[in-house]
Structures are given as structure tokens and as C-alpha cells.
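Report on the structure given below.
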Amino acid sequence: MSARFLAQVEKAGTCTGCGLCAAVSAGISMAEVPPGWARPRQIGPVSAAEDQAIAAACPGLVIDERDHPHDAAEPLWGPQRFTGTGHATDAALRHQASSGGMISALLTHALASGLIDFVVQVRADPARPTGNITAVSTSATDIFTAAGSRYAASSPLAGLEDWLARPGRMAFVGKPCDVAALRARARQDARINDRVPLMIAFFCAGIPSARAVGRILDKLDVKASDVAAFRFRGDGWPGYATATLKDGSSRRMSYADSWGDILSKEVQFRCKICPDAVGAAADVACADAWHGDERGYPSFEEGDGRSLVMARTSAGVALLDAARAAGAVATEPLPVAEIIAMQPHQARRKRQVASRLWAMRVVGRPVPRFLGVGVAEAARLEPIILQLKSFAGLVRRFIKGTA
């Protein structure tokens, strides 16, 4: 039978590309579609039970974080048991990673301590260096190699059944929507809570298309066929978008140019209405702890990496405490009010989610259900004139067919 969830997600235009549906049903597979995003396609029958299970966890249809909701008094940044800044104490790892190496250091400690046996995380695709694959890391070397942001489509949940079939316990690292989908699936599948003691997310500004990544290569005057390796960031903070060619030479572009001028212009629609881009469903969520410049905006000048780290659950606090005690990470507490200076884009987007959902309703698009994530509370923090501009702008893009 056909998958009803697919029709609804396609009509809404709210697929995140996470791959959960492909894990639940053999009748679904993931494929790249123009302009270069991961999307499900039906290749076989999908049972009514599978369709229902997917619909209950698909982040294109629902984000339900009522199990550990945002504080109504602080709706922007999610649940918090510890909030601070920090970095990996391993200088090489700190330099290799995109923003201080906190996630990589926590994963390395979790492996070394026996808390987990392997990590499921995204890394560069050896066959297509500007793209991504989801792979298993079983050593500190694996984690070091995978460190660094990957601003391209990924479907880390598509292989969930394979990961659950492996012996041992795992940490999962993904986008906030990936983690939210995995939490939702765990309500239906008891194996997940038993086998996945750690879910880690990073703040996400959206998934750019492969076409946008191609525009970086064009600006660098590089052919995709000549690229041997590609880093979006890292090797410093924030690091450069760097194409290493097969002849051993390399060309690079600043983060401000690669993300600010190119990649951020082509993020998928679902990211523009994201109610939880800060990983509220994760045990630990990390981000860039940007330093503000004289204008009050984040500065992208090169420096030593610094992570924002938020432990959201007892498991997250235990991991952070253990890693700190072992000397794997260094942290300093941070008042939550200071996050907005580091992540102003995240705050603005969250405050405008409600207005964008209303724009979807006006034009007749199905609207995802966002529960326990403080959408209404965040909207009250945004001046009405900015809400109206956000609403009108999205309606206009719908009418023009550009959203």
C-alpha cells in the first residue's frame, strides 16, 4: 500500500531528510533529489502499521518534546542542567574540530570509559568528499577523523536497524531533528533506550543543498572531479571551507563567505520553520560559543575553538562531569542570558516560528505539530512588527513559488 505520511510531508514541504522512515519500512529508501537534498521514496509496500509508526516520529510531521519540555520562562534554549563554555583539552582535537571539539572529546571519553562501544556519526563521503555518509566510530582515531561540521544532507537514521543489530551500546550524534525523531521512535521501540545511552546534538542553522556546495567549488574555480577531500570548517576556529585537490594543492574560502554568502542562502524549507534547532531532545547539545564584535554580532575571526555546551538530562550531566573529572574537557559556567549574543540567529528564528506556521496555514499547507518546544512562548518575545514581516515574507515566497 502507499505511504500516506509521504503525501502529507511532500505537500507540506517539511521533510528533514533524517531517514527514519527508511529504517522503519523496507518499502522506503532515501535518495538525493534536486537541488541536492535527501528525500524518501517509496520502492515497495508500506504497511498501515509502518505508516502509523513513521507518522508518529517523523520530524516533518511532529516534534514532541513534552517528555522534557522547554522551560516556559526560557523558551529559546531548551532544558538545561548545565550551561557553559568549554573545549577539548587535547589541543590537536580542539584544532581539528569546528568549535572547540567538545562533542568529539565527550565521545572519545565515553568510548574510553566503556560507557559506549561505538558511535554513529556523520562524516565525509570518501567517494564524494563534499557529501556525507553515516558511519560507525570505534576508536579515538575514528572520532578525530570525523570531527568538523558537515554542511550537506545526511540521513543518519536510515541505518538504525543496522546499528541496533550490532553488539554493544552506542552514542548517536545528529542534527536536532534527527535526535528528536530518535527520541520519538524510542517511545515505540524499547531497544533504543536500552542500546543508546547517549544522544548528542549540535545547534543547526539549516541544511544547504548540494547545489549550494557546488557554488563554493565554482567560486574556488575547482571541478568536483578534482576534489580529493573537502572540509566545510575546522582545522581552526571557525576554520575555512577547504578543497584539497588530487594533485595535493588546496583552495579555501572563509566561513563568513562560504556559510554567510552561499550555503545559508539555500537551506531546505523545513529548517526555516524549525522549532528546535538547539537540540533540546538531546542529552548534550553543543554549538559555537562565538565572541561578539563591537557591533554586538558574532565575530568570525580565527581563534582557539570554544564550544557552548548544554547538558540537558541526567545522562548528559553524568557524561560531562566524568569527562571533566578525567581531564578530557574544560568548562566554565555560562548564564543562559549570554547565549543570545553567541547565537542571535537561533534566537530570532525561534521567535518567528509561530508567524511562519501561520503563513503555512494561510496558503493551505499542512502544518507540523510542535509540542513541548515553547513556540508560543518564544513568539511573545518578538515584536509584533517583526512577526508580521516574517509572516508576510513567507506568504510572498509561497505565492512566488520560492519557498
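Keep in mind that what you see is a predicted model, and the values were worked out from it rather than measured. Residues: numbered from 1 along the sequence shown.
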Worksheet item: Passes side chain to side chain contact (heavy atoms under 4.5 Å, CB included), Thr138 versus Asp117? Steps please.
Response: CA-CA 7 Å; Thr138 58; Asp117 301 289; over 6 Å; no
Worksheet item: Would Gln343 and Arg348 satisfy side-chain hydrogen bond (donor to acceptor under 3.5 Å, both in side chains), going step by step from the backbone distance to the final call?
Response: CA-CA 9 Å; Gln343 295 285 335; Arg348 181 173 61 255; over 6 Å; no
Practice prompt. Could you please spell out the steps behind the side-chain hydrogen bond (donor to acceptor under 3.5 Å, both in side chains) verdict for His87 and Asp304?
Written response: CA-CA 9 Å; His87 57 83; Asp304 293 329; over 6 Å; no
Practice prompt. Begin with the C-alpha distance, continue with both residues' side-chain angles, and end with the deciding distance and a verdict on side chain to side chain contact (heavy atoms under 4.5 Å, CB included) for Lys11 and Gln8.
Written response: CA-CA 5 Å; Lys11 183 177 181 181; Gln8 187 172 357; 5.9 Å; no
Item to complete: Evaluate the criterion side chain to side chain contact (heavy atoms under 4.5 Å, CB included) for residue pair Met310 and Phe203; output intermediate values, then yes/no.
Response: CA-CA 10 Å; Met310 306 181 79; Phe203 283 27; 3.8 Å; yes
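A cation-pi contact links Arg361 to Trp358, judged by a cut-off of 6.0 Å to the six-membered ring centre and 45° from its axis. By the 6.0 Å and 45° rule, Arg150 does not stack over the aromatic ring of Phe230.
Judged by distance alone, with hydrogens and angles left aside, the side-chain atoms of Glu50 form a donor-acceptor pair with the main-chain N or O of Ser47 at under 3.5 Å. Side-chain atoms of Asp125 do not come within 3.5 Å of backbone N or O of Pro129 as any donor-acceptor pair. Under a 3.5 Å cut-off, the side chain of Asp288 and the backbone N or O of Ser99 do not form any donor-acceptor pair. Looking at Gln121, its side chain never comes within 3.5 Å of a backbone N or O of Thr134 through a donor-acceptor pair. Between the side chain of Arg94 and the main chain of Gly305, a donor-acceptor pair closer than 3.5 Å is present. In this structure a side-chain-to-backbone donor-acceptor pair under 3.5 Å is missing from Arg233 to Gly239.
Rounded to the nearest 0.5 angstrom, Ile54 CD1 and Arg185 CZ are separated by 8.5 Å. Rounding to the nearest 0.5 Å places CG of Leu182 at 6.0 Å from CG of Leu160. Distance check: Ile63 CD1 to Leu371 CG gives 9.5 Å after rounding to the nearest 0.5 Å. Distance check, rounded to the nearest 0.5 Å: SG of Cys18 to CZ of Arg270 gives 9.5 Å. Remark: Leu107 CG to Leu93 CG distance equals 9.5 Å, nearest 0.5 Å.
Shown here is Lys272, whose NZ atom has more than 12 heavy atoms of other residues, nucleotides or ligands within 6.0 Å. Summarising the local packing, CZ of Arg369 is surrounded by 12 or fewer heavy atoms from other residues, nucleotides or ligands at distances under 6.0 Å. Other residues, nucleotides and ligands place more than 12 heavy atoms under 6.0 Å from the CD atom of Glu302. Within 6.0 Å of the CZ atom in Arg187, the count of heavy atoms belonging to other residues, nucleotides or ligands exceeds 12.
For the 3.5 Å distance criterion, the side chains of Arg397 and Thr402 fail to qualify, holding no donor opposite an acceptor. For the residue pair Gln346/Arg351, the side-chain donor-acceptor check at 3.5 Å is not satisfied. With hydrogens and angles left out, the side-chain atoms of Ser137 and Arg123 include a donor and acceptor closer than 3.5 Å. Glu332 and Thr85 share no side-chain donor-acceptor pair at under 3.5 Å. No side-chain N or O of Thr313 forms a donor-acceptor pair with one of Arg81 less than 3.5 Å apart. Using modelled atom types, one finds a donor on one side chain and an acceptor on the other under 3.5 Å when comparing Ser254 with Asp257. One side chain, Glu382 or Gln352, offers a donor N or O that lies under 3.5 Å from an acceptor on the other.
Met342 approaches Pro344 most closely through the heavy-atom pair C-CD, 3.4 Å. The shortest non-hydrogen separation linking Ala57 to Leu20 is CB-CD2, 3.3 Å. Across all non-hydrogen atoms, the minimal contact from Ala56 to Val62 is O-CG1, 3.5 Å.
Ion pairing between a basic and an acidic side chain is recognised when a charged N comes within 4.0 Å of a carboxylate O; Asp226 and Lys246 show no such pairing. Ion pairing of Glu266 with Arg215 is present here, as a side-chain N (NZ or NE/NH1/NH2) and a carboxylate O approach within less than 4.0 Å.
Side-chain atoms of Ile28 and Ile43, non-hydrogen and from C-beta on, never get closer than 4.5 Å to each other. A 4.5 Å side-chain heavy-atom check between Pro298 and His291 finds every atom pair outside the cut-off. Two residues are said to be in side-chain contact when any heavy atoms from C-beta on lie closer than 4.5 Å; Asp283 and Ile200 fail this criterion. For the pair Val278 and Lys350, the minimum side-chain heavy-atom distance is 4.5 Å or more. At least one side-chain heavy atom of Pro40 sits under 4.5 Å from a side-chain heavy atom of Leu6. Glu65 is not listed as a side-chain neighbour of Arg183, based on a closest heavy-atom distance of 4.5 Å or more. Side chains of Ile273 and Pro368 form a contact here, defined as non-hydrogen atoms less than 4.5 Å apart. Annotation: side chain of Leu115 is not in contact with side chain of His109 (no heavy-atom distance under 4.5 Å).
In this view, Arg191 and Glu161, Leu164, Asp189 satisfy the side-chain contact (heavy atoms from CB on, under 4.5 Å) rule, not counting sequence neighbours. Partners of Thr242 under the side-chain contact (heavy atoms from CB on, under 4.5 Å) rule, at least two apart in sequence or in another chain, are Tyr240, Thr244, Ser250, Arg252.
Aromatic ring pairs are classed by plane angle as parallel below 30°, tilted from 30° to 60° and perpendicular above 60°; the pair Trp259 and Tyr255 is parallel.
Not less than 6.0 angstrom separates the ring centroid of Trp163 from the ring centroid of Phe118.
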Donor-acceptor pairs are to be reported for all side-chain atoms of residues 171-180 against protein atoms at under 3.5 Å, with residues two or more places apart or in another chain.
unit_1, atom_1, unit_2, atom_2, d
Lys175, NZ, Ser154, O, 3.4
Lys175, NZ, Ser154, OG, 3.1
Lys175, NZ, Asp178, OD1, 3.3
Lys175, NZ, Asp178, OD2, 2.9
Asp178, OD2, Lys175, N, 2.9

